[in-house]
Each structure stands twice: as C-alpha cells, then as structure tokens.
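Working notes, structure below.
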Amino acid sequence: MFDNISSAPYRCDNTPQSLCNSAARLNGFLVGVPLGNVFLPRQPEERQAAREAEMTNPLSDSSTNSATVLVVGAGPTGLLLACELQRRGISCHLIDSQPAPLHWDRATIVKPRSLQIFESMGLADEFLDAGCRQRAIKIHADGKPLGTLDLATCGSIYGFNLGISEEVTESILAGYLHQHGGRVNRSSRLVGLISQPEAVLAEIECNGSRYTMEFQWVVGCDGVHSTTREQCGIGMEGHDIATSWAVFDVTLKGWLETYEAILSYLDTPAVILTPLPKQRWRVYLRPTSQESDLLADAAATLRAYAPSTSFVDVENPTRFRCHTKVASAFRAGRVLLAGDAAHICTPAQGHGMNCGLHDAFNLGWKLALVCGGADPVLLDSL
Ligand SMILES: Cc1cc2nc3c(=O)[nH]c(=O)nc-3n(C[C@H](O)[C@H](O)[C@H](O)COP(=O)(O)OP(=O)(O)OC[C@H]3O[C@@H](n4cnc5c(N)ncnc54)[C@H](O)[C@@H]3O)c2cc1C
C-alpha cells in the first residue's frame with residue numbers, strides 16, 4: 001500500500017500525499033487539519049522497550065504540569081486519542097491506573113474503517129503485518145451453512161477485518177505515541193475532578209500519594225466503570241445482559257476449513273470462531289449453564305460441523321458479562337467521554353474497541369483545533 005515510502009523502521013518523514021488523500025477520504029475528518037510528521041513502522045523490540053520505559057517510571061513527567069489535555073485510561077481509546085493529540089502538537093498527560101498493560105485479551109476484530117484510521121497515521125502496514133485477514137463471515141445453523149458475507153464488498157479499500165489481539169493493537173499505538181514524544185503514566189489513578197470555567201483540576205493518586213494537576217480539557221477513556229463519568233455525574237442508560245458469554249483461545253487440530261473467515265454457529269450453545277495469527281482461534285460461546293465445562297460446550301456444537309476437529313493448546317477459558325448501555329451525555333463542560341466510558345455493547349458484535357477508536361480519531365482533531373483557539377462548540381458535533 002505504501003509503495004512510495006521506504007519500509008525502513010523509525011524513519012520520520014513528511015506526510016506523503018497518498019496518506020493525506022486517504023485521510024481526507026475518511027468522511028473528511030482530517031480536511032484542513034495539519035497532520036505533521038508521520039513515523040514509519042517500528043520493530044516489536046522497540047515497542048517493548050517503550051512499554052518497559054513507561055512501566056518503570058510512572059511519575060516521570062507528573063512533576064511538570066505543562067500538558068493541555070488529561071487523557072484518563074490507556075486502553076485502545078485513550079492511546080489513540082493521545083497519539084492524535086501529540087502528533088498535532090497538543091501536549092497531553094495520559095494516565096492509567098494499571099501498573100502494566102492488560103494481558104487478558106479481549107478484542108480480536110479490527111474493522112476496515114479502523115484500518116483506514118491506522119493508514120492515515122502511517123500504521124497500516126504494521127497492523128497488517130501483525131494480524132491475519134478475516135475475509136468473510138460464514139453463518140451456520142442446524143448443522144448446515146446458511147450463507148456467507150463477503151467482506152470484499154464492504155466498500156472500504158480494506159475488504160476484510162483484521163484478526164489481531166487487543167494487546168497487540170495497544171502495543172502498536174503505545175509505540176507510536178512514544179515516537180511522538182508521549183508516554184503512558186502508569187499506576188496513576190484519577191480519583192477526583194473539579195470543573196472550573198477555564199480549567200479542570202484533576203486529583204491523581206500514584207503509588208500511595210495524591211497530586212493535583214490543572215488541564216484545559218479532560219477526556220475520560222477509562223472504560224465501563226469510568227471514574228471520569230462518575231465524577232461528572234453522567235449516568236449510563238441501558239441494561240445488563242443476563243446470560244453470560246465465554247471465551248478461550250485454541251488451536252483447532254484436524255481443522256479442514258478456511259483460516260480466513262469468522263465462523264458463526266447459531267446453535268445451542270452458540271459458538272463463534274474468530275481467526276488469529278499463527279492459525280490460532282479465539283472461540284466465543286454462550287455456555288449452557290454457569291458451571292458448565294466451556295470446552296465441552298463448544299465441542300458439542302462444533303461436532304456437527306467438523307467432527308474430526310479437536311481443541312489443543314487451550315488458553316484463558318473465561319466467562320464474561322455483557323451490557324448494552326450508553327452515557328446520557330458525552331460532554332460536561334471541559335470534560336468529555338470516549339470509548340467504553342461512553343458506550344458499551346456485546347462483544348459478539350465486535351464493535352466495542354472499534355467504536356472507541358473511531359471516537360478517539362474523531363475527537364482528536366476537533367480537540368486539537370479547540371486547544372488552538374477554535375470554538376468549543378465543535379466538540380458537540382458528531
Ligand atoms: C471477551 C471480549 C471480546 C471483545 N471482542 C471485541 C472485538 O472483537 N472487537 C471490538 O471492537 N471490541 C471487542 N471487545 C470490546 C473491547 O474490548 C472494548 O470495547 C475496548 O477494550 C474498550 O476500550 P477503551 O479504551 O474504551 O476501554 P478499556 O480498554 O477498558 O481501557 C480503559 C483503561 O482505563 C484504565 N482506568 C480505569 N479507571 C481509571 C482511573 N480511575 N484512572 C486511570 N485509569 C483508569 C484501565 O486500567 C484501562 O486500561 C471485546 C470485549 C470483551 C470482554
């Protein structure tokens with residue numbers, strides 16, 4: 001895709017015209033906004049070094065209070081927002097309460113629109129190299145195929161979903177942030193917010209001490225149990241889904257079908273197979289009961305379609321609960337919400353992280369313009 005730019009790692013270049021053009025194609029999101037420099041893909045070992053640096057030095061830049069924006073939460077939403085602000089020259093202080101990135105993995109599906117966003121940042125190749133292509137969704141029920149959705153017809157230049165672990169998505173974004181002079185301040189928890197007409201005071205707890213910092217804007221990307229949302233008194237409307245889902249990672253021994261499609265079996269129990277790199281699969285299922293054996297549940301459904309297949313190298317069998325909720329407002333004065341802090345849906349839809357990425361990308365350029373003097377009413381636009 002980026003034939004016009006070298007594949008050498010870490011080269012900083014002026015934004016190639018092709019990137020500007022494709023960025024401008026994203027619903028005109030970036031039209032008129034300076035993109036600055038684009039950093040080309042980094043190597044995994046440098047990403048790791050950047051992550052280690054952030055883990056070992058949580059307070060390193062909290063003593064200076066020069067940042068304009070506080071981003072709370074370094075999941076995919078907060079990381080992308082921090083990247084977007086930093087590359088536009090808006091300094092931001094990104095905090096996360098966890099001492100290290102989460103290893104329990106969640107999102108596997110990066111949608112075409114998210115790939116377009118990564119392309120505009122010069123990151124598409126790094127993502128494509130790290131993930132696997134999911135070209136179709138094959139739907140089955142009652143032991144028979146019902147139909148196939150061909151993702152080549154989705155209208156994007158990326159006619160596929162990318163199968164990639166959320167942890168890898170986060171590490172690529174963290175590496176990009178580091179290249180642009182940003183960092184994640186870990187073990188730093190937002191505990192209080194005081195809104196003022198011209199600023200927001202944020203109380204942050206780090207290693208047992210508390211400190212207060214002043215920012216022009218605060219964005220809560222702190223997930224489903226958002227402290228930011230709570231501090232602003234913004235409610236969450238919707239409902240919890242009563243029955244749980246479950247997930248595990250596995251290799252399918254004796255698998256004769258494709259490795260390039262999501263396979264959905266709408267039986268009881270329902271099972272969804274999503275491909276990951278190295279011919280691994282993430283298996284989602286609706287367990288038959290709260291105590292049932294998750295592998296036995298999934299095998300019972302799969303047996304009707306792929307009798308010679310068995311599960312090997314199983315990792316992280318886990319039950320989880322789903323919710324369908326949306327915040328009653330996405331902004332309270334100088335405080336905004338994005339990602340799961342603002343809306344949550346069932347992972348079966350594969351939208352949660354993608355919506356958060358789209359929020360962050362949409363908000364990034366608007367907030368950058370507002371920090372530069374534009375009318376804050378821009379932040380209320382969709
Ligand atoms: C099993 C499963 C599978 C999924 N599969 C998909 C999929 O295929 N595709 C998809 O699009 N989505 C999927 N999702 C949803 C996806 O994981 C979430 O939507 C996504 O992680 C949300 O990102 P976020 O950055 O908004 O929030 P989070 O990832 O929750 O990040 C929030 C961050 O804020 C930090 N934090 C919280 N409180 C504070 C505080 N007070 N101060 C500082 N930091 C704080 C947390 O430590 C965390 O790092 C799945 C979810 C699950 C459970």
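Just follow the structure's listing: the first ligand is 1, and inside any ligand the first atom is 1. Everything numeric here is computed off the predicted structure, so don't read it as measured data.
Nearest protein neighbour of atom 42 (N) of ligand 1, counting heavy atoms only, is L190 N, 2.9 Å. Of the protein's heavy atoms, P76 CD, 3.6 Å lies nearest to atom 23 (O) of ligand 1. Looking at atom 37 (C) of ligand 1, its nearest protein heavy atom turns out to be D222 O, 3.3 Å. Shortest contact from atom 26 (O) of ligand 1 to any protein heavy atom: T77 OG1, 2.8 Å. Among all protein heavy atoms, the one lying closest to atom 32 (C) of ligand 1 is C221 O, 3.4 Å. In terms of protein heavy atoms, atom 44 (N) of ligand 1 is closest to S97 N, 3.1 Å. Closest to atom 21 (O) of ligand 1 among all protein heavy atoms lies E166 OE2, 2.6 Å. Distance from atom 47 (O) of ligand 1 to its nearest protein heavy atom, with residue and atom name: D96 OD1, 2.7 Å.
Within the structure, the closest approach of G223 to ligand 1 falls below 4.0 Å when heavy atoms are considered. Residue contacts with ligand 1: W245 is excluded, as none of its non-hydrogen atoms falls under 4.0 Å. Proximity of C322 to ligand 1 is not established, as no heavy-atom distance is less than 4.0 Å.
T301 places a side-chain N or O within donor-acceptor distance of the main-chain N or O of P269, the cut-off being under 3.5 Å.
Checking each of R280, Q279, K278 against T251 for a side chain to side chain donor-acceptor pair (under 3.5 Å) leaves exactly one that passes, namely R280. R282 pairs with exactly one of T274, D249, T108 by the side chain to side chain donor-acceptor pair (under 3.5 Å) rule, that one being D249. Test L367, L369, V370 against P376 for side-chain contact (heavy atoms from CB on, under 4.5 Å) and you get one pass: V370.
Counting heavy atoms closer than 4.0 Å to ligand 1, residue S188 contributes backbone atoms (N, CA, C, O) but none from C-beta onward. Looking at V72 against ligand 1, only its side chain comes within 4.0 Å, counting heavy atoms.
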Decide yes or no on side-chain hydrogen bond (donor to acceptor under 3.5 Å, both in side chains) for R135 and T148, but give the supporting numbers first. CA-CA 10 Å; R135 299 184 187 280; T148 299; over 6 Å; no

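For the atom pair OG of S156 and NZ of K111, the computed distance is 12.5 Å after rounding to the nearest 0.5 Å. Distance check, rounded to the nearest 0.5 Å: CG of L85 to SG of C83 gives 9.5 Å. In this structure, CG in L94 is found 9.0 Å from CD in Q86, a value given to the nearest 0.5 Å. The OG1 atom of T169 lies 7.5 Å from the CG atom of L162; values are rounded to the nearest 0.5 Å.
Here is the list of ligand 1 atoms found below 4.0 Å of a heavy atom in G339: 26 (O). Heavy-atom proximity to Q98, at under 4.0 Å, picks out these atoms of ligand 1: 47 (O). Shown in contact with F320 at under 4.0 Å from a heavy atom are these atoms of ligand 1, numbered in order with element: 1 (C). Every atom of ligand 1 with a heavy atom of H351 under 4.0 Å away is listed here by number and element: 10 (C), 11 (O).
Salt bridge annotation for R331-D380: present, with a cationic side-chain nitrogen under 4.0 angstrom from a carboxylate oxygen.
When only modelled atom types and interatomic distance are considered, R229 and S328 share no side-chain donor-acceptor pair under 3.5 Å. With no hydrogens or angles considered, a side-chain donor-acceptor pair links Y158 and E119 at under 3.5 Å.
Classified by interplanar angle (parallel below 30°, tilted 30° to 60°, perpendicular above 60°), the ring pair W281/Y259 is tilted.
The heavy atom nearest to atom 13 (C) of ligand 1, out of those in A107, A338, G163, is found in A107. The heavy atom nearest to atom 22 (C) of ligand 1, out of those in V184, D340, T227, is found in D340. Remark: among candidates K111, M353, Q231, R106, the nearest residue to atom 29 (O) of ligand 1 is R106, based on non-hydrogen atoms.
In terms of polar-atom proximity, defined here as any N/O pair under 3.5 Å, V247 makes no such contact with ligand 1.
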